[in-house]
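Chain naming here is simple, since letters A, B, ... match the order of the sequence lines and numbering starts at 1 in each. Only this structure's heavy atoms are used, side chains among them; waters, hydrogens and symmetry mates stay out.
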Amino acid sequence: MDEKYFAQKIEKKWQTRWAARSTFEAKIDDQKEKFYCLEMLPYPSGKLHMGHVRNYSIGDVLSWYKRLQGFNVLHPIGWDSFGQPAEQAAIKQGVNPREWTENNIDEMRKQLQSLGFSYDWSREIAAHRPEYYKFDQWFFLQMLEMGLAYRKDSEVNWCPQCQTTLSNEQASGGVCWRCGSQVEKQMRPQWFLRITNYAEELLQDMSQIEDGWAERVLTMQRNWINKSKGAFVEFRVQSSEFRVKVFTTRIDTIFGANSIVVAPEHPLILENFDSFSDGVRTKIKEIKVEQATPKDYDEESEKDGVDTGLKAVNPFSNEEIPIWVGNYVMMSYGTGAVMSVPGHDERDFEFAKKFDLPIRQVISEPHLVHEHHTMQSLGLEQAFTAKGILVHSDYWNGKESKDAIKEMTHHAETHGFGEGATTYRLRDWGISRQRFWGAPIPIVYCDSCGAIPVAMDDLPVELPDSAPFTGIGESPLAKVDDFVNTTCPKCGEPAKRETDTMDTFVDSSWYYFRYCDPHNSSMPFASDVVNYWMPVDQYIGGIDHAVMHLLYTRFWTKVSNELGLVEFTEPAKRLLTQGMVVAESFYSKEKETYVFPDDVTIERDESGKVLGAKLAEDGSRLRVAVEKMGKSKLNGVDPNDMISIYGADAVRTFSMFAAPVENELVWQETGIDGAVRFIQRVWRYVYKWKDVIGKSNDRIGAGGSESADLLKAARYSDSAKKLRQKTHQTIKRISENFESGQFNIPVAALMELSNAMYEFKVDPEAADDSDIIAVREACKSLILMFAPYAPHVSEELWEVVTGSDIGILESGARFPIADEKVAKEDEIEIVVQVNGKVRARIITSSEASKEELQKLAIQDKKITEYTDGKEIVKIIVVPGRLVNVVVK
RNA sequence: GCCGGAGUGGCGAAAUUGGUAUACGCACUAGACUCAAAAUCUAGCGGGCAUUAGCCCAUGUCGGUUCGAGUCCGACCUCCGGCACCA
């Protein structure tokens with residue numbers, strides 16, 4: 001056996017063995033507790049980036065840990081293989097999107113395998129294959145039957161030059177990515193899923209998962225759904241039958257309404273448009289165009305609007321107020337009209353300031369009520385948005401907001417101009433895409449029967465193998481006559497297929513079900529199999545998916561539950577949201593592009609701090625920036641190169657050690673040497689002790705089976721005792737870290753353990769039995785705890801220590817368990833503070849009582865120097881930690 | 001703009017959840033080994049003053065609560081993620 005650590009060689013060896021032995025294939029086993037560990041599946045871009053490495057390393061660490069604890073672990077992987085990049089490659093390079101995608105999958109599979117991830121490859125799935133997307137279509141038809149899928153007109157980005165629809169990304173900055181034309185909005189009929197039916201459940205069921213999901217994710221989802229209780233109120237339009245309906249959560253502020261602001265496409269405006277003056281009409285058209293132009297989010301759009309001259313009547317005060325058209329009111333949101341209360345709403349305040357509209361205060365802070373009650377108007381510096389006491393509100397004066405909201409809503413209801421209501425900001429999920437590379441929506445349009453679903457037995461509706469990819473005109477799919485032309489499933493007459501395909505979020509909404517039963521051809525999955533494995537015990541993915549994907553997938557689970565397919569209503573018990581991995585990159589203003597360190601001359605000061613950067617090619621200055629990996633075409637660091645230089649174990653270990661998993665990580669390679677050195681240190685240590693701790697030594701029992709009696713019976717020297725103490729302290733610490741999802745600290749703890757092993761200065765030749773037992777215990781514990789990070793080298797060293805090539809998992813080895821008695825320190829250091837400042841340290845028994853500690857502290861010479869001549873006010877004693885003497 | 005986060009040495013970070021700030025590692029410096037280099041080992045490594053065993057300052061900024069604050073509260077600054085057709 002080679003005694004030098006050579007990563008590439010042992011990694012290949014163990015990857016081959018695991019595959020040959022099907023080590024990681026999961027089977028249903030009622031004798032064992034199951035653990036479903038799932039990482040978000042990748043889009044097959046063709047190249048792994050460090051964000052992937054980090055994500056999948058976390059999952060692999062956890063999978064190994066759970067296997068070592070005896071769980072029946074399901075750890076699958078697959079491909080989210082529909083999406084725009086394949087279609088863009090088809091347009092730009094003329095390749096076939098399916099071939100392009102399959103090639104990318106082959107490439108990325110190789111890379112994942114070279115990292116030695118413990119996947120059950122027999123369950124691999126890919127969204128673009130008919131055997132998968134057949135069931136996207138199946139689910140769609142089920143939802144159609146349930147009344148959850150429907151069709152309505154909705155906006156898309158439209159390039160008038162290319163005569164094609166564009167994604168938001170393709171329309172960024174409001175111009176077409178291809179030709180640079182101004183992008184417009186266009187209405188077209190599209191399919192939607194009624195996620196809004198589940199708004200309340202999506203909120204309520206958060207109680208099932210709040211222990212396992214990060215609070216920040218649930219908060220974001222809650223705010224996205226944005227439930228608000230309030231009331232609809234109708235304002236009569238003066239000298240007209242028209243009533244404008246608004247929604248407000250603050251009906252208590254209605255006496256402060258100075259105007260009604262409506263969207264430019266509000267029915268009232270459409271109806272009265274011809275009666276407006278030229279100036280008003282021009283302004284309304286401008287606002288309409290502004291709203292129809294896609295904007296970047298960071299563009300701050302200034303409030304704009306125009307007084308239409310129409311008047312509305314406040315149903316509470318009978319006051320006549322003007323009706324404005326405003327650029328901040330959208331027809332697609334709410335009722336398309338708001339009542340403007342500048343005194344108590346920030347947006348309305350800003351609008352009123354800009355157009356010099358009256359601002360009235362009708363809510364006051366309790367202690368100011370008297371003053372405000374008698375004053376006509378107040379010069380508010382900013383909107384007062386808190387609740388309070390009503391003033392200048394006629395009959396309602398003096399009431400608290402909370403009561404006024406109830407009573408005023410009731411008043412509106414009994415007088416027929418309003419009603420209490422709960423609204424949600426969440427909108428239905430539009431799934432239609434005017435693109436080729438997605439699952440076709442299984443609908444046929446017949447002139448006489450209308451939109452008819454394809455029969456279940458006729459699924460899948462398969463994508464044709466080729467289509468004209470031009471980037472111009474309608475979707476490529478619509479240009480394939482053989483696909484488009486069909487017969488009506490109902491009447492048999494000639495008819496046309498739906499040519500829109502589904503949003504790729506559909507594929508990723510149920511893939512974790514499919515992993516449980518990946519080869520089922522008649523159903524998406526068998527219920528009993530899914531009910532064994534699901535819900536997912538630990539889901540791991542980027543924080544960038546906190547809202548959309550995770551909300552869609554929760555919705556899908558609820559629908560599946562309603563269909564009787566699954567027993568549960570939430571897909572994942574625990575969610576770990578990994579921080580983004582970003583590449584240190586540089587932005588070139590002239591070229592409007594990001595470049596990465598290879599092409600850049602970086603200027604640093606003596607300490608290595610980056611001062612600036614210049615483009616190597618022409619010396620132009622660059623802005624230092626970071627860019628999310630995978631977002632840009634340039635992915636910064638190539639994991640392939642790193643694996644071939646440092647080995648998979650080192651790359652995995654370092655990606656975990658570099659930062660806590662929830663932090664954002666600016667990737668830099670410096671530091672990975674430390675991981676390599678650590679692996680080599682462990683390697684050398686095990687080899688140094690190999691002959692005395694391995695199986696060949698039968699003086700103290702075989703290396704493969706550690707007997708508790710043996711450990712107990714041995715008489716240890718002080719240094720051996722100290723080594724055992726460190727071993728068990730490390731086990732304890734790492735177990736706690738794993739349970740709480742901290743994966744960086746265990747690496748540091750293992751390094752500390754190995755440092756302690758090196759400090760155990762007994763020569764293997766001169767070691768007595770108890771020394772050997774202590775060393776062997778340390779080595780075996782270290783190997784087992786390191787296996788989740790660096791499985792290849794751990795398997796190899798396990799073979800060295802146990803003398804058997806059966807493999808860690810096959811041998812039945814378990815994650816070590818800490819012995820509290822062994823881990824316990826006899827003596828500890830107690831800090832003594834005077835007024836919170838550390839002034840002395842005393843070494844004492846870890847058992848010392850509060851009284852003993854206090855006594856020791858005030859007798860200490862260093863402490864008396866500070867306390868002499870002063871009055872001791874109090875003494876705080878925290879056993880095991882510190883004593884704080886407070887003096888005056 | 002709206003929603004959600006983050007900020008600790010030259011760098012990645014740790015801190016038992018209110019109790020010794022800087023564990024572990026990277027980089028760096030010096031020494032040992034070597035003809036030499038690499039590797040390895042030993043020591044040092046937040047800043048300032050003393051260079052002794054001591055003192056003062058430091059966890060983005062400003063303020064507050066507390067015997068005690070990186071941790072809790074308030075305001076601000078900077079950076080990052082999401083915003084419904086990137087996945």
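Residue contacts shown for Tyr511(A) are absent, as no nucleic acid heavy atom lies under 4.0 Å away. Among the heavy atoms of the strands, none lies under 4.0 Å from Glu662(A). No contact: Gly579(A) has no heavy atom under 4.0 Å from any strand. Contact annotation for Ala659(A): backbone-only contact, meaning every heavy-atom pair under 4.0 Å involves sugar-phosphate atoms and none involves a base. Within 4.0 Å of Phe505(A), counting heavy atoms only, lies at least one base atom of the nucleic acid. Within the 4.0 angstrom heavy-atom criterion, no nucleotide atom of any strand lies near Gln88(A). Residue Gln434(A) is in base contact, counting any heavy-atom pair closer than 4.0 Å across all strands shown. Within the nucleic acid shown, Asn744(A) comes within 4.0 Å of sugar-phosphate atoms alone, with no base atom in reach, counting heavy atoms only. Using a 4.0 Å heavy-atom distance criterion, Tyr43(A) is classed as a sugar-phosphate-only contact.
In this structure, the nucleotide among A87(B), C3(B), C24(B) sitting nearest to the side chain of Asn223(A) is C3(B). In the set C26(B), G25(B), A87(B), the nucleotide with an atom closest to the side chain of Gln84(A) is A87(B). Of the listed nucleotides (U20(B), C24(B), C57(B)), U20(B) has the atom at the smallest distance from the side chain of Val838(A). Taking every side-chain heavy atom of Met548(A) into account, A87(B) is the closest of A13(B), C86(B), A87(B). In the set C24(B), A14(B), U20(B), C24(B) carries the atom at the smallest distance from any side-chain atom of Asn755(A). The side chain of Ala658(A) lies closest to G12(B) when the candidates are G81(B), U20(B), G12(B). With G5(B), C26(B), C85(B) as the candidates, the nucleotide lying closest to the side chain of Arg216(A) is G5(B). Among A14(B), C85(B), G81(B), the nucleotide with an atom closest to any side-chain atom of Pro660(A) is A14(B). Taking the side chain of Ser167(A) as heavy atoms from C-beta on, and the options C85(B), U20(B), A23(B), the nearest nucleotide is C85(B). Among C24(B), G12(B), G54(B), the nucleotide with an atom closest to any side-chain atom of Lys862(A) is G54(B).
A side-chain donor-acceptor contact under 3.5 Å links Gln221(A) and Arg554(A). Side chains of Glu169(A) and Trp177(A): a donor-acceptor N/O pair is absent below 3.5 angstrom, by distance only.
Here the C1' atom of nucleotide C24(B) and the CD atom of Glu759(A) are 13 Å apart, to the nearest Å. Note: CZ (Arg435(A)) to P (A87(B)) measures 7 Å, nearest angstrom.
Between C24(B) and C45(B), the two P atoms lie 12 Å apart (nearest whole Å). Spacing of C1' atoms, U61(B) relative to C49(B), comes out at 26 Å, to the nearest Å.
Side-chain nitrogen and oxygen atoms of Arg839(A) include at least one within less than 4.0 Å of the OP1 or OP2 phosphate oxygen of C55(B). Dashed line: the shortest gap from a side-chain N or O of Asn663(A) to OP1 or OP2 of A13(B) is under 4.0 Å.
For Trp437(A), the ring pair (Phe, Tyr, Trp, His ring centres under 6.0 Å) partners two or more places apart in sequence, or in a different chain, are Phe82(A), His128(A). Judged as a ring pair (Phe, Tyr, Trp, His ring centres under 6.0 Å), and not counting sequence neighbours, the contacts of Phe738(A) are Tyr65(A), Phe743(A), Phe815(A).
Glu39(A) has no carboxylate O lying under 4.0 Å from a charged side-chain N of Arg54(A), or vice versa, which leaves the two without a salt bridge.
Screening residues 672-682 of chain A for side-chain hydrogen bond (donor to acceptor under 3.5 Å, both in side chains), with sequence neighbours left out, gives Arg681(A)-Asn755(A).
In this structure, Tyr866(A) and Val217(A) both approach RNA chain B, and ranking their closest nucleotides by distance from the 5' end singles out Val217(A). Between Ser432(A) and Met220(A), the residue anchored closer to the 5' end of RNA chain B is Met220(A), taking for each the nucleotide with the nearest heavy atom.
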Output field dot_bracket for RNA chain B (Watson-Crick or G-U, both distances under 3.5 Å, | for other-strand pairs) contains (((((((..(((......[....))).(((((.......))))).((((....))))..(((((..]....))))))))))))....
Run the side chain to side chain contact (heavy atoms under 4.5 Å, CB included) test on Phe760(A) and Lys726(A) for me, step by step, so that the C-alpha distance in whole Å, both residues' side-chain angles and the decisive distance to 0.1 Å come before the verdict. CA-CA 11 Å; Phe760(A) 180 68; Lys726(A) 187 70 185 176; over 6 Å; no
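Glu155(A) places none of its side-chain heavy atoms less than 4.5 Å from the side chain of Arg188(A).
Sparse packing is recorded around CD of Glu346(A), with 12 or fewer heavy atoms of other residues, nucleotides or ligands lying under 6.0 Å away.
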N/O to N/O distances under 3.5 Å, protein versus nucleotides 59-69 of chain B:
| from | atom 1 | to | atom 2 | distance (Å) |
| --- | --- | --- | --- | --- |
| C67(B) | O2 | Asn884(A) | ND2 | 2.4 |

Strictly under 3.5 Å: I want the nitrogen or oxygen pairs between protein and nucleotides 37-42 of chain B, one per line.
| from | atom 1 | to | atom 2 | distance (Å) |
| --- | --- | --- | --- | --- |
| U40(B) | O3' | Arg684(A) | NH2 | 3.4 |
| C41(B) | OP1 | Arg681(A) | NH1 | 2.5 |

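Closest approach of Gly880(A) and Leu853(A) over heavy atoms only: N-CD1, 4.3 Å.
Between Trp683(A) and Tyr687(A), the distance from one ring center to the other falls under 6.0 angstrom.
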